[in-house]
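See structure below.
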There are 2 protein chains.
Amino acid sequence: MKKITLEDIAKSLGVSKTLVSLILNNKAKEHGISPDTVDRVLKKVKEMNYMPNQAARGLRTGKTNLIGLIVADISNPFYARISRAIEDLAWKKDYHLMVCSSDEDPEKEAQLVRILREKMQVEGLIISPTTDNVEVFRDLKKIEFPFVLIDRNYPKFSCNSVVVDNIRSSQSAVKHLIDSGAKRVALLTLSPAHISTLSERQEGYKLALKEAGIPFEEDLVREVPFSDIKNSVKKTLQDWLKAKQPIDAVFCANNHLAVAVLETISDLGLRIPYDLRMVSFDDVDVFKFSYPPVSAVAQPIEDIGTRAMEILFNNINDRASRESAEHVVLPAELVIRRSSSSL
Amino acid sequence: MKKITLEDIAKSLGVSKTLVSLILNNKAKEHGISPDTVDRVLKKVKEMNYMPNQAARGLRTGKTNLIGLIVADISNPFYARISRAIEDLAWKKDYHLMVCSSDEDPEKEAQLVRILREKMQVEGLIISPTTDNVEVFRDLKKIEFPFVLIDRNYPKFSCNSVVVDNIRSSQSAVKHLIDSGAKRVALLTLSPAHISTLSERQEGYKLALKEAGIPFEEDLVREVPFSDIKNSVKKTLQDWLKAKQPIDAVFCANNHLAVAVLETISDLGLRIPYDLRMVSFDDVDVFKFSYPPVSAVAQPIEDIGTRAMEILFNNINDRASRESAEHVVLPAELVIRRSSSSL
DNA sequence: AAAGTTTACTAAACTATTTTAGGTGCTTCA
DNA sequence: TGAAGCACCTAAAATAGTTTAGTAAACTTT
């Protein structure tokens with residue numbers, strides 16, 4: 001079962017490789033190839049079930065029709081859904097997707113960027129960047145390599161990015177808690193707070209307090225370490241609840257934190273929303289069926305992928321577009337469920 | 001920012017491309033290249049940050065270091081987790097993964113197989129096959145192309161496969177429902193029941209009934225269409241519950257069905273497990289925090305990916321191994337939660 | 001009827017790597 | 001002193017496409 005090549009097609013018709021190649025690349029007209037020949041060649045190609053070898057084509061043209069996607073962990077449903085949206089768009093344009101997980105490790109991320117670009121020769125990258133890797137992206141930008149950051153970006157560095165409006169949607173989530181009667185709203189967030197999403201959500205929290213005329217209290221914000229969410233959340237929550245002035249609501253900066261809150265509250269024999277109201281960022285399936293159902297900020301996940309892909313394609317096809325940077329900020333929607341009801 | 005090639009390295013050292021290539025491919029010893037030269041070359045390679053072009057290498061050697069993964073939908077957390085396990089193993093061996101979603105469409109699947117094989121020149125495939133595409137895999141087997149089916153396989157066709165013990169674990173799930181007091185256990189499954197997993201789960205259901213001496217009733221098995229799970233489940237459940245002899249337990253053949261049951265029961269104002277006990281196949285996050293927590297058969301997801309990858313690598317590296325077929329059947333674990341408690 | 005134009009096609013170069021089949025110059029030994 | 005052996009290295013082919021720079025033959029024009 002030898003692989004069929006251009007040459008096989010050409011030989012079996014007694015024509016040159018050039019001819020077949022030109023026809024397959026839709027350059028028949030512009031090279032004055034007779035419609036008759038075009039038909040003959042196309043028929044043969046179909047008959048022999050020929051498919052061009054991407055490696056050979058890529059080698060000659062530099063076009064691999066590959067794009068790379070780097071996320072923290074593809075088994076995280078949030079990224080899995082983004083990946084799917086990107087895959088669909090890519091395949092529509094005959095591009096193929098290579099997905100890699102960085103595990104939030106800047107070094108692994110940098111290595112992945114290099115491997116995808118230099119070894120696999122991807123034509124563009126979509127990346128949900130880790131904490132601290134601006135240099136890598138500065139380099140990419142400098143050599144005008146097409147890429148788009150999603151979900152997170154760097155405050156002091158401008159490049160293509162598609163993110164959600166973390167500030168405003170967090171603000172409205174916290175406002176909603178206050179409106180539903182909460183007097184002391186705490187914020188649970190994660191400790192590498194220089195990830196843009198997290199600091200922005202914190203900012204939204206502060207804005208909502210300010211707007212409501214509630215003074216900000218340092219003690220009501222806690223950054224728990226990524227590595228030990230469960231225990232840290234438990235301890236934090238216990239502290240907050242047995243304080244002189246116990247909290248009556250908590251805003252969780254991501255879904256993992258919210259799940260930990262659910263677990264803790266159930267462990268402590270308390271009830272949401274009666275003993276504590278809560279809203280989470282990131283609407284995952286769990287929240288719809290949890291007890292009680294959890295209010296959450298739902299990100300337009302598929303849109304993130306789609307918009308990123310559009311920008312990337314534009315960058316790939318239009319050199320000039322690489323000089324500027326496109327910043328897309330998508331709105332997120334607050335889905336209200338029982339965890340934040342006004343009792 | 002021109003790409004650095006072998007030739008650049010060679011020229012900058014005044015040696016031949018051959019030399020550099022041999023050294024980089026660890027063939028220095030066998031070609032009697034002096035250790036001195038090896039050092040000089042390796043140093044330069046590092047200094048110039050050189051990385052071989054995979055397209056050129058693949059073209060010459062036929063080795064692309066690519067493997068393809070075809071699943072129904074990568075945004076499904078089950079497949080996302082498998083994909084992650086595969087990715088990790090692949091990268092460890094310097095292989096790269098190309099993930100595609102078939103949307104359960106046999107034609108799309110066949111096309112993906114072709115594109116991945118002929119165009120992308122992947123060295124092997126891991127596939128969670130759709131309903132009815134045996135011919136595609138028969139062809140692959142015939143030309144001894146390395147591939148492994150996961151999650152599902154075809155009853156009358158033998159090829160590498162890694163699946164879970166659907167029959168036995170379904171049987172024990174249903175047995176558990178009966179043991180906990182259920183008298184009339186129904187089965188909710190999906191309509192293309194010739195997907196091996198589904199028919200096996202149905203078989204397990206029947207075995208459990210038989211074992212308990214409960215006669216099988218056609219009416220207590222319903223295959224709902226994939227396209228309209230929500231409504232169909234609702235209607236079916238209502239039928240079952242208002243029958244002369246209402247059911248008191250249901251075994252769901254997958255997590256989507258179970259989620260639909262949760263929704264319906266909540267819509268109807270009923271309570272699990274008091275009005276209806278349930279167990280699902282496929283343990284997803286939702287079930288841990290749902291109200292009530294749902295008992296489920298947990299598949300060893302990462303193992304599936306890992307084992308498949310091991311078999312695939314073996315096939316890729318050892319031609320002889322392609323003649324036989326390896327069948328791996330992994331055990332699944334029943335996780336008991338409140339949805340099936342004995343009241 | 002020579003020159004120019006058009007039509008329909010092709011030979012060969014090129015891409016970056018691996019691999020085959022040597023080649024060079026030194027030492028060793030008869 | 002000339003052949004053999006050895007240690008080290010290289011030229012060129014090969015891979016499967018695309019692209020450049022044509023060419024041959026037929027047809028048109030003057």
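Just so we're on the same page: letters track the sequence lines, and every chain starts at 1. Treat the numbers as computed from the prediction; the structure is a model and nothing was measured.
- Here S16(A) does not reach the OP1 or OP2 of dA11(C): none of its side-chain N or O atoms lies under 4.0 Å away.
- Judged as a salt bridge (Lys or Arg N to Asp or Glu O under 4.0 Å), the pairs with a partner in residues 141-158 of chain B (not counting sequence neighbours) are, in order, E104(B)-R152(B).
- Between dT18(C) and S21(B), a contact under 4.0 Å exists linking OP1 or OP2 to a side-chain N or O.
- Straight-line distance from the CG atom of D36(B) to the P atom of dC9(D): 9 Å, rounded to whole Å.
- Smallest separation of non-hydrogen atoms from T64(B) and V122(B): OG1-CA, 3.9 Å.
- Applying the salt bridge (Lys or Arg N to Asp or Glu O under 4.0 Å) test to every pair with at least one member in residues 28-45 of chain B, sequence neighbours left out, gives these pairs: K44(B)-E47(B).
- Counting only heavy atoms from C-beta outward, the side chains of S101(B) and Y79(B) never approach each other to under 4.5 Å.
- The NZ atom of K3(A) sits 14 Å away from the P atom of dT15(D) (whole-angstrom rounding).
- The bend of the helix from dA1(C)-dT30(D) to dA30(C)-dT1(D), defined by the angle between the axes of its first five and last five pairs, stands at 80° to the nearest 10°.
- Across the protein-nucleic acid pair, L22(B) atom CG and dT19(C) atom P stand 9 Å apart, rounded to whole Å.
- You won't find any donor-acceptor pair under 3.5 Å spanning the side chain of K17(A) and the base of dT10(C), going by distance alone.
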D103(A) and R84(B): salt bridge (Lys or Arg N to Asp or Glu O under 4.0 Å), yes or no, with the steps?
CA-CA 11 Å; D103(A) 285 316; R84(B) 181 63 214 268; 2.8 Å; yes
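- Within residues 27-35 of chain B, the residues having any heavy atom under 4.0 Å from DNA chain D are, by residue number, H31(B), G32(B), I33(B), S34(B).
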Mind listing the N/O atom pairs, protein and nucleotides 25-29 of chain D, below 3.5 Å?
none

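- By the salt bridge (charged side-chain N to carboxylate O under 4.0 Å, His left out) test, E118(B) is found to be paired with R114(B), residues two or more places apart in sequence or in another chain being considered.
- Taking K119(A) as the reference, D94(B) meet the salt bridge (charged side-chain N to carboxylate O under 4.0 Å, His left out) condition, with sequence neighbours excluded.
- For H327(A), the side chain to side chain donor-acceptor pair (under 3.5 Å) partners are S158(A), S161(A), not counting sequence neighbours.
- Contacts with DNA chain D (heavy atom under 4.0 Å) in residues 45-61 of chain B: L59(B), R60(B), listed by number.
- Contact annotation: T37(A) reaches the phosphate of dC9(C) (side-chain N/O to OP1 or OP2, under 4.0 Å).
- By the 4.5 Å heavy-atom criterion applied to side chains, L125(B) and I67(B) are not counted as neighbours.
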For a quick test of your reading: what N or O donor-acceptor pairs under 3.5 Å do the side chains of residues 9-26 of chain A make, sequence neighbours left out?
unit_1: S12(A); atom_1: OG; unit_2: I9(A); atom_2: O; d: 3.0
unit_1: S16(A); atom_1: OG; unit_2: L19(A); atom_2: N; d: 3.2
unit_1: S21(A); atom_1: OG; unit_2: N25(A); atom_2: ND2; d: 3.4
unit_1: N25(A); atom_1: ND2; unit_2: S21(A); atom_2: O; d: 2.8

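- The salt bridge (charged side-chain N to carboxylate O under 4.0 Å, His left out) test applied to R57(A) returns no partner, not counting sequence neighbours.
- Evaluation of the salt bridge (charged side-chain N to carboxylate O under 4.0 Å, His left out) rule for R307(A) yields E310(A) as partners, not counting sequence neighbours.
- Atom CG of D39(A) and atom C1' of dA8(C) are 15 Å apart (whole Å).
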